[in-house]
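Presented below is the structure to which this report refers.
Counting convention: from 1, in listed order, for ligands and their atoms alike.
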Amino acid sequence: MPTPMPHKLVTLQRHMLEQQSKFPYATGEFTSMLMDFVVAVKLISREVNKAGLAEVLGDAGHENVQDELVMKLDEFAQDRIYKAMDHGGHLCCMASEEEKDLIPIPPQFPTGRYALMFDPLDGSSNIDANVSIGTIFAIHRRKSPGNGPGTVEDVLQVGNNLVCAGYVIYGPSTMLVYSTAAGVAGFTLDPSIGEFCLSHEDIRMPEKAKIYSANEGNQAFWGEGDRKYIQYLKTPDKDSGRPYSTRYIGSLVADFHRNLLYGGVFLYPADRKDPKKPAGKLRVLYEAAPLAFVAEQAGGAASDGKHRILDIQPKGLHDRTPLCIGPKADVALYEKFLREAGDH
Ligand code: AHM
Ligand code: MG
């Protein structure tokens, strides 16, 4: 039986062009840049979908497996995004969770007005178990003058300056969710035609959470405020909708996406588990700020416990931050618990 037609058939490209047409001086450059990115994402989606199969082929000892199939998927994702974005003339530089340093545009290609930050394959430790993973992206307008090579100044900006951010989730279907500061929209990839089609128009985060997501195995390393907050969410109180349910995948994009749609608060606090990572595990540029941008655009909030994530001024490409992200009321309550415990 054919798939029922949605009442409105809007491709991602059409949606982007419509968004852009609201700005009188828009050139279409932004849409063109994102469509380059989407090519890489479709390739990643294809490879993720056959990840298990690639392993079977490997185990069987076939020698003629394409190089692509044996490449680790996170390296593959990094490579494809880079190759899709390096020559379009839209970017002045890139930065990735997978690369220590700023990624320049090769000198033979033109440079442009934007800087791209991305986490090519987040949650990649889940790949072998066939659990949902994602790609996270964010775009700044360049800060450095002129149109030469970009500098770290172009990516080390507060999240508040972002012009676009979003993510792709590789789950039972592949979805792209993005915002250009005019709300949040979600598109599902129809693999038969290779198009992302609008499936979630104007996504709004529920006003209050009923789910919490945190790696409670780390509780012994958390501060008092974090422990008390999670304990509070588990303490029954019918009137305020407690206890919350726990859902933790350990794939930020998948945890965030579910919470965005169903109403949930995600917490990855600072912890004392690894002295090299006192601010927790998640990165400002590639994880926290892009998702904070999407959360705020959907009516939610994101905080490090004290500051709004989008106000954080990153000092290094791989700065980390505690992250509490979800409905406004839940994030505000988290900040209150930390204040009262004197944490931070
Ligand atoms: P990664 O960027 O190396 O994939 O790590 C980030 C992932 C997130 O997707 C997820 O929220 C977190 O690590 C889970 O960490 P933990 O295993 O400590 O709960
Ligand atoms: Mg990551």
Side-chain angles (χ1 to χ4, degrees), residues 41 44 47-48 51 72-82 94-100 103 116-138 155 159 165-171 175 177 211-223 226-227 230 246-260 264-295 302-305 309 314 316-326 331 334:
V41 159
I44 299 167
E47 292 305 302
V48 167
K72 273 178 64 194
L73 268 175
D74 37 10
E75 287 169 18
F76 176 89
Q78 168 69 31
D79 180 76
R80 291 308 182 270
I81 294 174
Y82 173 71
M94 298 180 239
S96 160
E97 194 195 281
E98 292 289 321
E99 297 281 328
K100 189 167 153 281
I103 307 170
L116 171 70
M117 286 76 62
F118 60 98
D119 182 352
L121 213 52
D122 183 68
S124 52
S125 65
N126 278 320
I127 293 174
D128 289 348
N130 212 352
V131 171
S132 300
I133 46 180
T135 295
I136 309 174
F137 62 96
V155 295
Y167 59 86
V168 181
I169 176 166
Y170 311 102
M175 267 192 79
V177 174
I211 295 167
Y212 74 89
S213 318
N215 185 347
E216 281 189 85
N218 289 334
Q219 235 193 72
F221 306 106
W222 293 354
D226 294 303
R227 283 203 300 273
I230 293 295
T246 316
R247 295 283 184 276
Y248 188 68
I249 298 168
S251 247
L252 178 60
V253 170
D255 279 311
F256 176 78
H257 185 67
R258 181 206 51 241
N259 289 352
L260 175 67
V265 59
F266 175 96
L267 175 64
Y268 205 110
D271 67 47
R272 294 183 300 273
K273 193 176 177 185
D274 180 350
K276 287 196 294 273
K277 298 177 195 164
K281 185 175 183 188
L282 302 176
R283 263 88 164 191
V284 177
L285 287 186
Y286 318 110
E287 293 163 331
L291 296 188
F293 185 82
V294 174
S303 166
D304 69 355
I309 293 288
L317 291 178
H318 295 281
D319 281 7
R320 297 176 196 264
T321 177
L323 176 66
C324 177
I325 187 164
V331 174
Y334 174 67

(message) Testing K273, E216, R272 one by one against W222 for a side chain to side chain contact (heavy atoms under 4.5 Å, CB included), which residue passes?
(response) E216
(request) Considering only non-hydrogen protein atoms, determine which one is nearest to atom 18 (O) of ligand 1 and report residue, atom name and distance to 0.1 Å. (result) Y268 OH, 2.6 Å
(request) Considering only non-hydrogen protein atoms, determine which one is nearest to atom 5 (O) of ligand 1 and report residue, atom name and distance to 0.1 Å. (result) K281 CE, 3.6 Å
(message) To check you understand the geometry: which heavy-atom pair defines the closest contact between S303 and V331, and what is its length?
(response) CB-CG1, 3.5 Å
(message) As an exercise, identify every atom of ligand 1 less than 4.0 angstrom from a heavy atom of D119.
(response) 2 (O)
(message) Using every non-hydrogen atom in the two residues, find where S213 and Y248 come nearest and quote the distance to one decimal.
(response) C-CD1, 3.9 Å
(request) For S251, take its heavy atoms, then give the atoms of ligand 1 lying under 4.0 Å from any of them. (result) 9 (O)
(message) Quick one: does any side-chain atom of H257 pair with a main-chain N or O of Y167 as donor and acceptor, under 3.5 Å?
(response) no
(request) Report yes if some N/O of L252 lies less than 3.5 Å from some N/O of ligand 1; otherwise report no. (result) yes
(message) Give me the nearest non-hydrogen protein atom to atom 19 (O) of ligand 1 as residue plus atom name, then the distance to 0.1 Å.
(response) Y248 OH, 2.5 Å
(message) Counting non-hydrogen protein atoms only, what is the nearest one to atom 1 (P) of ligand 1? Give residue, atom name and distance.
(response) D122 OD1, 3.8 Å
(message) With a 6.0 Å cut-off (strictly less than), is the heavy-atom count around CG of N130, excluding the residue itself, greater than 12?
(response) no
(message) As an exercise, identify every atom of ligand 1 less than 4.0 angstrom from a heavy atom of E287.
(response) 2 (O), 6 (C)
(request) Measure the distance from atom 3 (O) of ligand 1 to every protein heavy atom, then report the residue, atom name and distance (to 0.1 Å) of the closest one. (result) E97 OE2, 4.0 Å
(request) Compute the minimum heavy-atom distance from Y286 to ligand 1 and say whether it is under 4.0 Å. (result) no
(message) For ligand 1 and G123, I'd like to know whether there is a polar contact (N/O to N/O, distance under 3.5 Å).
(response) yes
(request) Enumerate the atoms of ligand 1 whose separation from the nearest heavy atom of S124 is less than 4.0 angstrom. (result) 4 (O)
(message) So which atom in E97 and which in H318 form the shortest heavy-atom distance, rounded to 0.1 Å?
(response) O-CE1, 3.6 Å
Distance-only donor-acceptor pairs under 3.5 Å for side chains of residues 280-288, two or more places apart:
from : atom 1 : to   : atom 2 : distance (Å)
Y286 : OH     : L317 : O      : 3.0
E287 : OE1    : R283 : N      : 2.7

(message) Suppose I only count heavy atoms of N215 and a 4.0 Å limit; which atoms of ligand 1 are within that range?
(response) 16 (P), 18 (O), 19 (O)
(message) Quick one: does any side-chain atom of S132 pair with a main-chain N or O of A254 as donor and acceptor, under 3.5 Å?
(response) no
(request) Write down the atom of A302, the atom of A292, and the distance for their closest heavy-atom approach. (result) CB-CB, 3.5 Å
(message) Among all the protein's non-hydrogen atoms, which is closest to atom 10 (C) of ligand 1, and how far away is it?
(response) G250 O, 3.4 Å
(message) Give me the number of protein N, O or S atoms whose distance to the Mg ion (ligand 2) is under 2.8 Å.
(response) 4
(message) Here's a test for you: under side chain to side chain contact (heavy atoms under 4.5 Å, CB included), which of I136, D119, I309 qualifies with P290?
(response) I136
(message) Tell me if a side-chain donor or acceptor on D319 pairs with a main-chain N or O of G316 at a distance below 3.5 Å.
(response) yes
(message) Checking side chain to side chain contact (heavy atoms under 4.5 Å, CB included) between L121 and each of T135, V168, V253, which is the one that passes?
(response) T135
(message) Between R80 (side chain only) and P120 (backbone N and O only), is there a donor and an acceptor less than 3.5 Å apart?
(response) no
(request) Have a look at ligand 1 and work out which part of V253, if any, has a heavy atom under 4.0 Å from it: side chain, backbone, both or neither. (result) neither
(request) Would you check whether R283 reaches within less than 4.0 Å of ligand 1, judged by its heavy atoms? (result) no
(request) Go through ligand 1 atom by atom and flag the ones less than 4.0 Å from a non-hydrogen atom of F266. (result) 11 (O)
(request) Please check if atom CZ in R227 has more than 12 non-hydrogen atoms from other residues, nucleotides or ligands closer than 6.0 Å. (result) yes
